[in-house]
Amino acid sequence: MAASAGGSVTCRCSRNVAVPRLSQLRAAKGLAAHDTNIRDTICRLIAEKHLPFGPCCAVSHMPTEDVMWFDVHCESTYSKASNRLEVVLLVLVAFISWPLALLMRTFGVRASSDSERYGREIVIAVPLTVRSESQTMLRRGSQRYLRQILSTVPEYHQLFREHPQARIYPK
């Protein structure tokens with residue numbers, strides 16, 4: 001348990017056992033002492049200039065020094081309606097008063113939203129070695145293809161395993 005890290009616990013046999021610090025456990029797993037997730041690891045590797053990975057293009061496998069950046073949108077906020085009656089009433093009012101809503105939208109008037117936002121926005125910018133000739137093709141590529149190309153980097157593959165719904169946007 002993380003609360004016991006750096007301290008000691010009593011074993012079932014009544015002996016005191018030292019528990020390594022979290023930084024030691026992370027180092028034993030091959031992570032930096034303060035990396036808590038793959039996003040931290042990727043940011044550290046970019047700062048240390050270990051990413052982008054490899055001297056060859058991820059698409060054509062030809063040598064290049066060109067780098068392309070991608071925004072990986074890992075998580076998004078979302079809102080929840082308070083209850084179903086509220087949603088039904090909102091839809092009914094919108095249906096009845098659509099001309100008024102259209103007029104309000106035309107003049108830039110927006111209804112205030114009292115719904116709470118949940119979750120968090122997590123976007124990480126990642127580099128990839130890609131020849132300039134291949135970059136146009138990637139900008140038009142499907143999410144599946146972009147994920148496949150980016151997954152050639154082990155850290156990005158792990159990022160997609162931790163965030164399977166992530167969306168990729170070429171810059």
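Every heavy atom of this structure was used, including side-chain atoms; hydrogens, water molecules and symmetry mates were not. Numbering starts at 1 and runs along the sequence shown.
Between His157 atom NE2 and Thr152 atom OG1 the span is 11.0 Å, to the nearest 0.5 Å. A distance of 12.5 Å separates OG in Ser8 from CZ in Arg15, rounded to the nearest 0.5 Å. We find the CD1-OG1 distance between Ile46 and Thr41 to be 11.0 Å, quoted to the nearest 0.5 Å. In this structure, OG on Ser76 lies 9.5 Å from CD1 on Ile122, to the nearest 0.5 angstrom. Interatomic distance, Cys57 SG to Met68 CE, rounded to the nearest 0.5 Å: 10.0 Å.
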Exercise for the section: Please step through side-chain contact (heavy atoms from CB on, under 4.5 Å) for the pair Glu133 and Met62, ending with a clear verdict. Expected result: CA-CA 11 Å; Glu133 296 84 9; Met62 300 290 294; over 6 Å; no
Handout entry: Trace of the side-chain contact (heavy atoms from CB on, under 4.5 Å) decision for Leu51 with Val126
Key = CA-CA 8 Å; Leu51 287 175; Val126 298; over 6 Å; no
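The shortest non-hydrogen separation linking Asp66 to Ser132 is OD2-N, 3.0 Å. The two atoms that bring Gln135 and Val130 nearest to each other are NE2-O, 3.1 Å, heavy atoms only. Among all heavy-atom pairs drawn from Thr129 and Cys56, the shortest one is CG2-O, 3.4 Å. Nearest heavy-atom pair, His61 versus Ala58, reported as atom, atom and distance to 0.1 Å: CE1-O, 3.7 Å. Shown here for Arg131 and Ser60, the closest heavy-atom pair between the two residues is CD-OG, 3.3 Å.
Residues meeting the side-chain hydrogen bond (donor to acceptor under 3.5 Å, both in side chains) test with Gln143, sequence neighbours left out: none.
Residues Trp69 and Pro127 have side chains in contact (heavy-atom distance under 4.5 Å, counting atoms from C-beta outward). Within the 4.5 Å cutoff, no side-chain heavy atoms of Val72 are placed close to those of Tyr156. Proximity of Leu146 to Ile149: side-chain heavy atoms (C-beta onward) are nowhere separated by under 4.5 Å. Residues Ile42 and Arg39 are not in side-chain contact: their nearest non-hydrogen atoms beyond the backbone lie 4.5 Å or more apart.
The cluster map of Ile, Leu, Val, Met, Phe, Trp and Tyr, joined by side-chain heavy atoms under 4.5 Å apart, puts Val67 and Tyr169 in different clusters.
Paired with Cys74 under the rule side-chain contact (heavy atoms from CB on, under 4.5 Å), one option of Leu159, Val123, Ile38 passes, and it is Leu159.
Arg147 places no side-chain N or O within 3.5 Å of a backbone atom of Ile168 that could act as its donor or acceptor partner. The backbone N or O of Glu75 sits less than 3.5 Å from a side-chain atom of His73, completing a donor-acceptor pair.
Within 6.0 Å of CD on Gln165 lie no more than 12 heavy atoms contributed by other residues, nucleotides or ligands. Residue-environment remark: NZ (Lys49) stays at or below the threshold of 12 foreign heavy atoms within 6.0 Å. More than 12 heavy-atom neighbours from other residues, nucleotides or ligands sit within 6.0 angstrom of CZ on Phe160. Other residues, nucleotides and ligands contribute only 12 or fewer heavy atoms inside 6.0 Å of the CD atom of Glu65.
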